[in-house]
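A quick write-up on the structure given underneath.
Here is how names work: the chains are called A, B, and so on, in the same order as the sequence lines, proteins then strands, and each is numbered from 1.
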Amino acid sequence: MVGEELISGPFLDADGMKALGAALAITVTGLASAWAEKEIGTAAIGAMAENEGLFGKGLILTVIPETIVIFGLVVALLINSA
Amino acid sequence: MSRPKEMTRAVIVGHKSILKQTIDSLYDTNLFHIEDFVEDESGFKISKPLKNAEEVSKKLVKIRSIANYLGIVHKEPVVQKTDSVLRDLDSKLDELDRAIATKTDAIAQLENELKDLDSQKRELMPYLAINLDFDDYRGYESLKVFAGMVKGNLDGSQISSITKAYELYFDPQSKAIVLFVAKSDADKVYELLQGIGFRELRVPERGGVPSELLRFIEQKEAEVTRKIESLRNEIESLKTKYADFILASDEILSIESQKAELPLRIATSANAFIIEGWTPTENYDKVVSAVNSATNGKAYVSSLEIEEEEEEHVPVEYNNSKVAAPMQQIMDLYSRPKYTELDPSSVILITFPLMYGLILGDIGYALILGAIALAVKKAIKSDAVGDLMNILIYCQISTFIFGIIYGEFLGFSLASLHTEHGSVPGLIPGWETIVLFEGLGGEEFTFPIHRTHMVMTMIAVTVLIGLLQLNLGFLLGFANISKHHGVKHAVLEKGSWLVIELGVLLAAIGYLGGTGLAYVGAVVLVLGIVMLTMGEGIKGPIELPSLMGNALSYARIIAVGLSSIYIASTVNDIAFEMIWADHSKIGFVAIAAILVFILGHALNTVLSIIAPGLHALRLQYVEFFGKFYEGGGRKYNPFGYIRKYTEE
């Protein structure tokens with residue numbers, strides 16, 4: 001109970017902490033995905049410029065890091081629904 | 001579940017005198033995939049193109065350059081008889097060539113004229129303000145004429161300090177100057193002029209007053225432009241007149257040129273030829289009889305054994321029902337299966353729309369996208385587009401079904417929703433949510449499923465669906481390996497994963513129930529890992545954690561689905577708040593609200609193809625295929641052509 005009172009200030013009550021946690025989960029994983037996809041996307045477009053048949057492979061490789069942000073989204077949803 | 005079509009390897013041997021007939025018959029059947037001959041020590045060489053090759057390719061180049069020049073695009077075919085096209089080919093081609101050549105020459109000439117007129121006009125412009133006849137500028141013995149531009153200002157007083165005998169025309173706005181002085185004073189005056197930045201300009205050769213000349217040139221320009229325009233229109237009418245002919249003859253000539261160049265791909269000796277290639281076994285007899293009837297049985301056709309190491313390189317032709325055939329596009333996007341592999345098209349036919357529907361699950365979007373797909377399919381008669389639209393339609397059927405299960409329409413909830421804060425009625429009055437059983441984390445499993453209110457349960461359900469698909473993948477891998485490397489390999493490489501999963505399951509049940517089953521599970525798990533290590537080496541255990549990653553990856557089904565719902569319901573909220581904000585006057589705000597509603601849902605509709613499509617696809621390619629699929633098969637590409645614009 002003491003702990004709860006400590007964090008139930010004007011800004012960081014329990015709900016606020018939850019929201020912050022969820023936001024962090026999305027932001028950080030979103031940035032991570034973006035970073036990874038940027039690298040892969042550039043390479044994929046380079047490869048496609050040489051051989052258009054690589055579109056399918058390029059597309060798949062580019063969306064692979066998307067998993068990171070999806071995990072982030074799942075974590076955020078779990079935090080919110082818990 | 002199907003395997004690629006069974007292929008037969010065949011060789012056709014004959015005397016060179018029947019080569020042409022053989023090529024024609026193979027071309028017409030469009031069933032024989034010819035293997036390019038690579039010269040080796042056998043003494044056979046590749047041959048020269050047929051005699052007509054050069055002529056055909058010359059004509060082909062001509063017709064393609066004409067088609068290119070006229071900008072002829074492929075269109076709804078008008079089928080023509082090959083004979084009649086061939087008969088008129090030379091004369092029509094010449095006629096067309098000549099017509100275009102004379103017209104383009106004329107256009108080029110007129111364009112040059114236009115350029116000439118333009119430069120004349122530019123020469124004239126500086127003198128426009130002075131408006132003195134150009135004939136007055138020349139033909140003097142004792143007078144010097146300075147005509148040009150200056151930078152500074154000039155008035156008579158400066159010149160009169162040098163000489164009284166002068167005549168000056170100066171336009172202070174354009175700074176054009178024409179000055180007549182006696183030749184004897186010319187040098188001094190020139191110095192003065194240089195002092196104010198004089199630059200001499202050419203005096204147009206033609207005589208006349210500038211303003212009149214300008215009018216004349218502009219008239220001429222308009223006339224020339226009109227002529228060019230009418231020539232361009234004539235060329236345009238050539239295009240409509242000859243489009244069918246060009247498309248048909250392009251097709252015929254392409255066919256002839258492919259036939260004529262075939263000898264470059266086959267083995268020949270001084271008198272004989274050998275054509276080697278592949279045909280689906282079901283069509284082998286057709287190929288044999290076609291060749292025999294074309295050559296009066298003089299060509300010798302026989303089938304060859306396929307050795308095991310060759311099997312990897314056999315060209316692959318899909319063997320799917322008409323319903324599953326569109327899925328081949330999705331396969332080709334990834335990689336065609338090998339000849340030795342199972343072709344998962346028919347599995348994807350179920351799993352891809354299933355995942356898509358699970359993600360999107362909305363009656364409204366299913367209807368919109370389904371209608372769009374049907375319309376596009378009807379409007380564009382292309383095989384590739386048709387296949388893609390068919391895939392989209394399959395996906396929408398699944399989306400519709402899941403839309404009913406989720407009770408969603410454009411982000412609205414169709415059924416009532418019970419929460420701790422009370423019950424919210426749905427869009428359809430009287431459709432009450434039914435609680436089926438207790439879900440995870442205090443959530444209730446209901447029908448229809450309110451995804452936004454049972455996230456935990458849905459994550460668990462989607463991961464479970466993922467595990468089912470992954471195991472299907474292991475089973476397919478098992479079938480693949482056991483056919484080619486025996487059951488033992490299959491059990492070690494793929495079966496071990498099932499054992500591992502069983503072990504984890506037993507251990508988990510045992511752990512939760514606090515029974516001895518946990519130890520049994522652990523033993524089974526270790527056994528599985530040992531089997532996997534035997535099957536795949538050290539690589540196997542390293543890949544173990546990826547199984548969990550793969551399964552969790554299916555949680556994207558609910559995650560991406562929720563993002564779509566949130567976008568839709570945000571659009572709905574904004575639109576409805578705008579409408580209900582002010583009841584008294586329904587005018588501008590209501591229209592804006594409708595616009596927001598339409599645009600918002602249009603955006604979400606586009607996203608509804610991309611996001612669920614891409615993620616459903618990724619689940620197939622990365623998670624599912626990773627468990628059994630190799631790919632990399634060669635495309636079966638029979639020698640021949642499907643005629644569009646001509647017929648025999």
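- Heavy-atom pairs under 4.5 Å with chain B peak, among A:L73, A:T67, A:L54, A:L59, at A:T67.
- Of residues 556-563 of chain B, those residues lying under 4.5 Å from chain A by any heavy-atom pair are B:R556, B:A559, B:V560, B:L562.
- For the pair B:H615 and A:V63, the minimum side-chain heavy-atom distance is 4.5 Å or more.
- Atom CG of B:D573 is surrounded by more than 12 heavy atoms from other residues, nucleotides or ligands within 6.0 Å.
- Inspection of non-hydrogen atoms places B:Y621, B:V622 of residues 620-632 of chain B under 4.5 Å from chain A.
- B:V435 meets the side-chain contact (heavy atoms from CB on, under 4.5 Å) test with B:E444, B:T446; sequence neighbours excluded.
- Residues of residues 543-552 of chain B having a heavy atom under 4.5 Å from any heavy atom of chain A, listed by number: B:G549, B:L552.
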